[in-house]
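See below for the structure under consideration.
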Amino acid sequence: MKKIDKLVLRSFLGPFVLTLCIVVFIFLMRLISQYLNELVGKDIDFINYVKLLTYFSLITIPIALPLAVLLSSLMTFGNLGEFFELTAIKSAGISTWRAMRSVMVVVMCITLFSFWYNNEVAPWANLKGYSLLYDIKTAKATLNIKEGIFYNDLPGYNIKVDKKFPAPNERSLKGLVIYRHPTNDYNAGNREVILADSGLMYTIHDKAYLVFELYNGNQYSESAQSGGAYSSADNRQFTRSHFGHYKMVVSLESFGLKRTDETQFQYHEYMKDAVELRRVADSLKKEYKKSREGLFTQSKQYFSYAFRAETLPKQTAPKYGKWVDSLLKKKPIVSPSEKEQIVATALNQAQNVKSYAESNKTYISEKGKAWYRYDLEMHHKYTQAVSCFVMFLLGAPLGAIIKKGGFGIPVLVSVLFFILSYVLTLQGDKWAKDGLVLVPIGAWFSNAILLVVGFYFADRAMKDSRLFDKDIYVIWLEKIKKKWNNGAVLKKWRKGKTIYSN
């Protein structure tokens, strides 16, 4: 490896690792802000939160790689241009492409790594991350009974506390009202009420059970006599009992994290590799085509018709012709009641056919969208990898043209092109999912557009174009203004000459 390659690689690898970490951190902050209300306040171990952040860090790497390549390429060649190192390289007879060669080889390796990562690691990380996120979102919040408000997250209980004493006696309660009702019959209402002047609240057996120790209270209950019904007031029996100390134990089984079987999430396209996506897409494609081809044949069972061949002339009747109109113009040979029955039958069959057609249209449309979705995700395994190389073709020539390093202009330019790439990807995906374009066209739409732009910037960089220099555009505007003024003066002179001659 020559010294020039070492110089360029040393300038590239440092910003690449740094920007990759920054981009992953930004995407993690976006995740936390999106699900903040559903992640906090849950009785979840710290280890599970660490696992969640780890999984989503792995998920965001394929998205962060293209942006990191773009930003680091811009910074690398921008720094080389700003400190005239790129100028010295060119003065030694070395072309810009030769200076970019070592970085291009590294970016090709990153592209291959990105495809392997998308195909092998990303499906596993998606399965682990999204299943854990679902379990955390569906987990109940930590037991938090507030003063003066009924708390009903405990199955079978509604609890209100008038006063909670502050630390160190935060478990001490005053003025408790507890409604206890059976969990298997919510329509029966509250059949048991407990009132207590004070009490203690604490958990036992590693927070598996919640204990209420109640003092100086009354218990009111309602029960039905044998053979009676709760709907009849005559068969109800009310009881009241006083207690000085009463201990009530409640299970906290519904709280905490309950892990769902991960196989329930494996149907999603994000959890599959390219081979599985291709197999599912081909299967959905066959079902889609089979449903469309069998639609007309299956629709015949929803209507019937009578046809007598002897009523036609001996020659072959045309498929469409005036003979149909002549039959319709004939006088009816059926009674009015039979005519009403025929019309009602025809209307019923037409409605059945319409309903069948609408339901099958929805079914076929959803089947087609599922096919497009799986096929699109299969193509994205390749497009996300290739986008790393496309971003390099954008970043390296732009850095050589702009000649500005650091985190100023390169960050701005990188964000603009990343937003453009994101918008083009969303637009292509939408066209592909709606069936407006072929899936490969929609999937590769963004890369194709940006690749053309990248080759244009590369051509400008090879020719030492001053594309982003302010002086070029100032001189260009001055020339246009001068031509405009010369044209106006010429027109004025011609107009004066015409008046003088007349």
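Position 1 is the first residue of the sequence, and the numbers go up from there.
- With contacts defined as side-chain heavy-atom distances shorter than 4.5 Å, the pair H245/L214 does not qualify.
- Between the side chain of K381 and the backbone N or O of N118 there is at least one donor-acceptor pair closer than 3.5 Å.
- Here the side chain of S33 pairs a donor or acceptor atom with the backbone of R30 at under 3.5 angstrom.
- Taking the six-membered ring for Trp and the full ring otherwise, W124 and Y55 have centroids separated by under 6.0 Å.
- A donor-acceptor pair under 3.5 Å is absent between the side-chain atoms of E192 and the main chain of S221, judged by distance alone.
- Within the model, atoms CD of Q219 and CD1 of I178 stand 9.5 Å from one another, a figure rounded to the nearest 0.5 Å.
- By the 6.0 Å contact criterion, OH on Y220 is enclosed, its count of non-hydrogen atoms from other residues, nucleotides or ligands being greater than 12.
- Put simply, the side chain of F445 does not reach to within 4.5 Å of the side chain of V437, judged on heavy atoms.
- The two atoms that bring L450 and V390 nearest to each other are CB-CG1, 3.7 Å, heavy atoms only.
- Closest heavy-atom contact between R292 and I364: CG-CG2, 3.7 Å.
- Checked by atom type and distance alone, the side chain of T111 pairs as donor or acceptor with a backbone atom of V107 at under 3.5 Å.
- From T60, atom OG1 reaches atom CG of L67 across 11.5 Å, with rounding to the nearest 0.5 Å.
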Starting from the C-alpha separation in whole Å, work towards a yes-or-no answer on side chain to side chain contact (heavy atoms under 4.5 Å, CB included) for V211 and M201. CA-CA 6 Å; V211 179; M201 181 181 68; over 6 Å; no
Start with the C-alpha distance between L176 and L195, add both sets of side-chain angles, then the distance that settles side chain to side chain contact (heavy atoms under 4.5 Å, CB included), and finish with yes or no. CA-CA 6 Å; L176 288 92; L195 306 178; over 6 Å; no
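- Side-chain contact between S291 and N360: absent, with no pair of heavy atoms (C-beta onward) separated by less than 4.5 Å.
- Remark: the S11 side chain and the T76 side chain contain no N/O donor-acceptor pair separated by less than 3.5 Å.
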Show the numbers, then the answer: is there a side chain to side chain contact (heavy atoms under 4.5 Å, CB included) between L133 and F56? CA-CA 10 Å; L133 177 63; F56 274 89; 3.8 Å; yes
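- Counting heavy atoms from C-beta outward, N216 and H242 have side chains that approach closer than 4.5 Å.
- Separating the CG atom in L9 from the OG atom in S102 is a distance of 4.0 Å, to the nearest 0.5 Å.
- Few gaps surround CD on Q427; more than 12 heavy atoms of other groups in view lie less than 6.0 Å from it.
- Without hydrogens or angle criteria, S446 side chain to S421 main chain gives a donor-acceptor distance under 3.5 Å.
- Formation of a donor-acceptor pair under 3.5 Å by the Y288 side chain with backbone atoms of A370 is not found in this model.
- Between Y382 and Q384, the side chains place no donor N or O within less than 3.5 Å of an acceptor N or O (distance only, hydrogens not considered).
- A donor-acceptor pair is defined here as one N or O able to donate and one able to accept, closer than 3.5 Å; no such pair exists between the side chain of S365 and the backbone of K361.
- In terms of heavy-atom proximity, E147 sits nearest to D162 at CB-O, 3.9 Å.
- Taken from CE in M75 to CG in L70, the straight-line distance is 11.5 Å, to the nearest 0.5 Å.
- Side-chain atoms of L112 and M108, non-hydrogen and from C-beta on, never get closer than 4.5 Å to each other.
- Within 6.0 Å of atom NZ in K160, more than 12 heavy atoms from other residues, nucleotides or ligands are found, so the atom counts as buried in its surroundings.
- Contact check for Q351 versus L347: side-chain heavy atoms found under the 4.5 Å cut-off.
- Between the OH atom in Y374 and the OG atom in S283 there is a gap of 10.5 Å [rounded to 0.5 Å].
- Across all non-hydrogen atoms, the minimal contact from A443 to L376 is CB-CD1, 3.7 Å.
- Nearest heavy atoms, T19 versus F16: OG1-O, 3.0 Å.
- Of the N and O atoms on the side chains of E213 and Y246, not one donor lies less than 3.5 Å from an acceptor on the other residue.
- For N158 (side chain) and Y179 (main-chain N/O), no donor-acceptor pair under 3.5 Å exists by modelled atom type.
- Remark: side-chain polar atoms of D375 are not paired, donor with acceptor, to backbone N or O of W371 under 3.5 angstrom.
- Interatomic distance, F417 CZ to I419 CD1, rounded to the nearest 0.5 Å: 11.5 Å.
- By the 4.5 Å heavy-atom criterion applied to side chains, M248 and I194 are counted as neighbours.
- A donor-acceptor contact closer than 3.5 angstrom links the side chains of D429 and H380.
- A donor-acceptor contact shorter than 3.5 Å links the side chain of N126 to the backbone of A122.
- Between V161 and K164 there is a side-chain heavy-atom pair separated by less than 4.5 Å.
- Relative ring orientation between F418 and Y422 is described as parallel, the plane-to-plane angle staying below 30° on a 0-90° scale split at 30° and 60°.
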Let's go through D434 and K430 carefully: what are the C-alpha distance in whole Å and the side-chain angles of both, what is the deciding distance for salt bridge (Lys or Arg N to Asp or Glu O under 4.0 Å) to 0.1 Å, and is it a yes or a no? CA-CA 6 Å; D434 293 341; K430 186 178 183 302; 3.3 Å; yes
Test side chain to side chain contact (heavy atoms under 4.5 Å, CB included) applied to F212 and L173, step by step: CA-CA 10 Å; F212 286 96; L173 310 173; 4.2 Å; yes
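- In this structure, F27 places its CZ atom where more than 12 heavy-atom neighbours from other residues, nucleotides or ligands lie under 6.0 Å away.
- In this structure, N447 and S387 approach most closely via the heavy-atom pair OD1-CB, 3.6 Å.
- Classification of K286 and D282 as a salt-bridged pair fails, no side-chain N sitting under 4.0 Å from a carboxylate O.
- Aromatic ring centres of F243 and Y215 lie farther apart than the 6.0 Å criterion allows.
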